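Take a look at the structure set out below.
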Amino acid sequence: MWDLVTAGKVALTLIVGLVSVVAGRALSCRRRRYRFSSADLSDADLEPASLRGSEDRLAQGLRIPTVSTSRDDPPPREQLLRYHQHLRDSFPTVFSSHAVTVEVVNELSLLLTVAGSEPQLSPYLLLSHMDVVPVVEEHWSWPPFDGLVQDGYIIGRGAIDVKQTTHAILESLERRLLAGDLPRRPLIVALGHDEEVSGREGAARIGHLLEQRGARPLFVLDEGITLMQGFFPGVRQPLAVVGVSEKGYLALEVTARGQAGHSSIPPVPTAVGRLARAVNRLHADPQPVLFGRGPEMELLRVMGPVASPPFRLVYANLWLFGAVLKRAFLKNPALRASVQTTTAVTVLKGGYKENVVPAHASAIINHRISPLQDRDDVMACDRNAISDPEMEFEVLHHSPASPISPYGEDDAPFGLLAGTVRQLYGDDVLTAPAVMVANTDTRHYLHLTDNVYRFNPIVLRPDQLGMFHGNDERISVENYHNCIRFYYRLMKNMESDAVVAQMP
Ligand SMILES: [Zn+2]
């Protein structure tokens, strides 16, 4: 009897202890303190009047169909040159200033180097691209290349991917130069012309050129993830999600061989049968789930202090609720892709005649590689899953995942992005890292710095995600104005005394 009472007391103590630890952590979880506080950053902002007209300049840019169709097609040369001219006409001070060197790289990309008044300071590199993806015009509610400004939106292909950042960077620079406010620190702006079809003619050439010149930018900032609102349970305000890595790419062809023969007396096993078994096994035994080992943990942790009560308990106690969150990640295909190398069998080949058993059959497997794995890891998992030693593997295309850029509280460039977001959107809008599932031009600049970030400074809700490469692409005027303010503030912040002292 005494033992039962003791056991009950012990159990109760453990439960009370656990509850108080969980609640204590939820109450005490604090916001990340990045290197720069508001006091360190510049308080300069654009005059609202100076934003006037910016939406029309973007809209006119959207009227120029700079469409990249495929790697094998020539770039839309004439349209890209028209777009260059539009940028020159829209930002005359930038393109004529003695402080800015404008270079056309490989005929169609643009490289702008802004000389700082203190040229010994390290530069930083802002990227964007000028091409857009094709449209299926009949699925649009408005003509995709009319560049309409209507009901508070700027509408057209390229409005969020990503002519808005090309324009926003140049708008902020134009305002500064026009006001005689020469940047203190050198700045490089690279505008590629073929990002949507790999960037190998644009960004790759610029990346090479900058390397030859010995450029060592403090960081690279390109298009990427957005301020996401309504995506995270329990978090009402937008969360600025910065891509700190990009998944890699691996296309494999696996081939099964077998005996050919007439279909009336089929040999056993057939190549098709073996291939089908292999495909089945790949789906049944996918690549390992790497939840808990990448930036997703920091993203969850960041949300703790601003989440509503029940979620706050969860985000502040990842040690306890990790398994629950992992299950939630695995249920959502987009979240799942962020913590796992994905596997998609995209092409099947085998057979040529209805009554002949073919001697070989093959499948193309498309993997997007997690930054925590490399090609050999992924292929070893595939071989293991298929467990057929006679299956042949051939690598068709491969590019590794990019390294994970630093995102800790002490990492100055990440802290600067977080500080700039906070300045613009308020103290409740926090910044968190994530792995990007799509690719950007940053792959051509990885050799210049370890600090490579992918962020599109616009607020996006779940129902708007489909606009990327989809239909009815548009940006609200408010979002666009904030995009301009973001770059303006970022530039001014890079020149503030505290930032210069940390990152000379
Ligand atoms: Zn893009």
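Since the structure is predicted, the reported quantities are computational estimates derived from the model, not experimental observations. Keep in mind that the numbers below use all heavy atoms, side chains included, and drop hydrogens, waters and symmetry copies. Count residues from 1 along the sequence. Whatever order the structure lists ligands and atoms in, that order sets their numbers, starting from 1.
When the side-chain contact (heavy atoms from CB on, under 4.5 Å) test is applied to His469, the partners found at least two apart in sequence or on another chain are Val133, Asp161, Glu196.
Sorted by chain and number, the protein atoms of type N, O or S within less than 2.8 Å of the Zn ion (ligand 1) are His129 NE2, Asp161 OD1, Glu223 OE1, Glu223 OE2.
For NE2 of His447, the number of neighbouring non-hydrogen atoms (other residues, nucleotides, ligands) closer than 6.0 Å is greater than 12. More than 12 heavy atoms of other residues, nucleotides or ligands shown are found within 6.0 angstrom of CZ on Arg31.
Geometrically, Arg474 engages Tyr153 in a cation-pi contact defined by less than 6.0 Å to the ring centre and at most 45° from the axis. Both tests do not hold together for Lys492 against Tyr487: distance to the six-membered ring centre under 6.0 Å, angle to the ring axis within 45°.
The pair Arg52-Glu171 does not count as a salt bridge, with every side-chain nitrogen at least 4.0 angstrom from each carboxylate oxygen.
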